[in-house]
Amino acid sequence: MPELPEVETYKRYLDGTSLNQIIISVKVIDNRVLNIDESYLRKFVIGNKFKSSIRHGKYLLVNLEQDYLIMHFGMTGDLKYYNKKGDEPKFSKVIFHFENDFNLTYTSRRMFGRIDIAESIEDFIEKKNLGPDAYKMSLEEFKGALKRRSGIAKNLLLNQSFVAGIGNIYSDEILFKTKLYPKTKIDTLDESKIHELFTNIKEVLQVGIERKGDLSNYPNHFLIPHRKKDEHCPICNTGIERNEISGRHGFYCPNCQKKSP
DNA sequence: AGCGATGTTCGCCG
DNA sequence: TCGGCGAACATCGC
């Protein structure tokens, strides 16, 4: 489920369950989710503790004593903390077993997520070429990220090198709230629209985090409950349209989100 | 039973 | 060089 609000929810879940316990063992059920050798993962993790965690974009970086365990969740990743042996969740791929006999499992159905090790946050962000975190960035950072950028608004929001954390669903929601046609060229926006876009990125993600990334029960005036065929805009009742940009399909209101800004 | 899916990456092309 | 595009990855629920 993971865009930024979901990953933030996973972070808080991990922080609330799994910190400061010695990791006794690691069970790798499917090593395709590992970017590193199994033995290398063990070497860094076993006998260590998760000290704290940081989320950058859709990545969760868990601080070991020195290094970082990096988790990315792809489209179907999740974390579960559980005790009983029989409770091992479906799609578990890597399980961290703690001294108190509880386990934290990283699950992935479609195998798009990855687990990695990094020596520092800065190295990792640089290696992945990630932009500033969409939720934590300042207006100045956002404006900095926009410098020398062109292209259409939807693609830019999805581009993790521009700003990290926004995915397909939240990009649609942000564009909807800002009343921007998804293919609006970003360099045509004036200062006040840029500011509005920034504010809406924050507000939409804030709501997402408050709702723990659960998309199933959003207020009606959001686009999220209307992301399907034959739905109507909750603001103006125009039929919601669907288009495809760079292989992702998105939804928008052709009346609220007019082509020329 | 086929289609589609909240992500990333890579190669191609303009 | 950059941006847009499409494919590839892999799996399962609807």
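Naming convention: chains lettered A, B, ... in sequence-line order (proteins, then strands); numbering from 1 in each chain. If you're wondering where the values come from, they're calculated on a predicted model, not measured in any experiment.
- B/dT6 atom C1' lies 16 Å from atom CZ of A/R211, rounded to whole Å.
- Minimum heavy-atom separation, A/I209 to A/P5: N-CB, 3.7 Å.
- Between A/E196 and A/K193 a salt bridge is recorded (basic side-chain N to carboxylate O distance below 4.0 Å).
- Applying the ring-ring contact (aromatic ring centres under 6.0 Å, His included) criterion to A/Y135, with sequence neighbours excluded, gives no partner residue.
- The pair A/K11-A/D15 meets the salt-bridge criterion, since a charged nitrogen lies less than 4.0 angstrom from a carboxylate oxygen.
- For residues 129-141 of chain A, the salt bridge (Lys or Arg N to Asp or Glu O under 4.0 Å) pairs, not counting sequence neighbours, are A/R55-A/D133.
- Here C/dC2 is the nucleotide among B/dT8, C/dC2, C/dC5 with the atom lying nearest to any side-chain atom of A/S150.
- Nucleotide B/dT9 holds its C1' atom 11 Å from the NE2 atom of A/H72, rounded to whole Å.
- Projected onto DNA chain C by closest heavy-atom contact, A/E244 and A/N159 fall at different nucleotides, the more 5' of which corresponds to A/N159.
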What pairs of donor and acceptor atoms, side-chain ones from residues 86-98 of chain A against any protein atom, are under 3.5 angstrom apart with sequence neighbours left out?
| unit_1 | atom_1 | unit_2 | atom_2 | d |
| --- | --- | --- | --- | --- |
| A/S92 | OG | A/P89 | O | 2.8 |
| A/S92 | OG | A/T105 | OG1 | 2.9 |
| A/K93 | NZ | A/F91 | O | 3.3 |
| A/K93 | NZ | A/S108 | O | 3.0 |
| A/H97 | ND1 | A/N103 | OD1 | 2.6 |
| A/H97 | NE2 | A/D101 | OD1 | 3.2 |

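- Residue pairs meeting the salt bridge (Lys or Arg N to Asp or Glu O under 4.0 Å) criterion with at least one member in residues 197-222 of chain A, sequence neighbours excluded, are A/K177-A/E203.
- Between A/I209 atom CD1 and B/dT6 atom C1' there is a gap of 15 Å when expressed in whole angstrom units.
- Comment: A/R227 does not engage A/E231 in a salt bridge, judged by the lack of any side-chain N to carboxylate O separation of less than 4.0 angstrom.
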Once each nucleotide of nucleotides 9-14 of chain C is scored for protein heavy atoms under 4.0 Å, what B/S/- sequence comes out, 5' to 3'?
-> BBBBS-
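- For A/Q160 and C/dC2, the CD to C1' distance is 18 Å, given to the nearest whole Å.
- Scanning for ring-ring contact (aromatic ring centres under 6.0 Å, His included) contacts around A/F112 gives an empty result, with sequence neighbours left out.
- For A/F251, the ring-ring contact (aromatic ring centres under 6.0 Å, His included) partners are A/H249, not counting sequence neighbours.
- When the ring-ring contact (aromatic ring centres under 6.0 Å, His included) test is applied to A/Y13, no partner is found at least two apart in sequence or on another chain.
- A/R114 has no side-chain polar atom (N or O) that falls below the 4.0 Å cut-off from OP1 or OP2 of B/dT8.
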Quick one: the dot-bracket string of DNA chain B, using Watson-Crick and G-U wobble pairs with both distances under 3.5 Å, [ ] for crossing pairs and | for bases paired to another strand.
-> .||||.||||||||
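- Look at the P atom in both B/dC3 and C/dA7: the space between them is 14 Å, to the nearest Å.
- A salt bridge is defined here as a Lys NZ or Arg NE, NH1 or NH2 lying under 4.0 Å from an Asp or Glu carboxylate O, and A/D30 with A/R32 meets this definition.
- Closest to the side chain of A/R248, from the set B/dT6, C/dC5, B/dT9, is B/dT6.
- A/L158 comes within 4.0 angstrom of no nucleic acid atom, judged by non-hydrogen atoms across all strands.
- Distance check: A/I186 CD1 to A/I152 CD1 gives 10.0 Å after rounding to the nearest 0.5 Å.
- Spacing between atom OH of A/Y59 and atom P of B/dG7 amounts to 12 Å, rounded to whole angstrom units.
- A straight line from CG of A/D78 to C1' of B/dT6 spans 12 Å, rounded to a whole angstrom.
- Atom-to-atom, CD1 of A/I152 to C1' of C/dG3 comes out at 9 Å; the value is rounded to the nearest Å.
- Salt-bridge annotation for A/K43 and A/D37: absent, with no side-chain N of the basic residue lying under 4.0 Å from a carboxylate O of the acidic one.
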Can you give the donor-acceptor pairs under 3.5 Å from side chains of residues 143-150 of chain A to other protein atoms, not counting sequence neighbours?
| unit_1 | atom_1 | unit_2 | atom_2 | d |
| --- | --- | --- | --- | --- |
| A/K143 | NZ | A/E191 | OE2 | 2.8 |
| A/R149 | NH2 | A/S161 | O | 3.4 |

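- Taking every heavy atom of residues 124-135 of chain A and every atom of DNA chain C, no pair lies under 4.0 Å.
- Near DNA chain B, meaning a heavy atom under 4.0 Å away, the residues from residues 164-174 of chain A are A/G167, A/N168, A/I169.
- Contact between the side-chain N/O atoms of A/S246 and the OP1/OP2 oxygens of C/dC5 is found at a separation under 4.0 Å.
- In this structure, A/F162 atom CZ and C/dC2 atom C1' are separated by 15 Å, rounded to whole Å.
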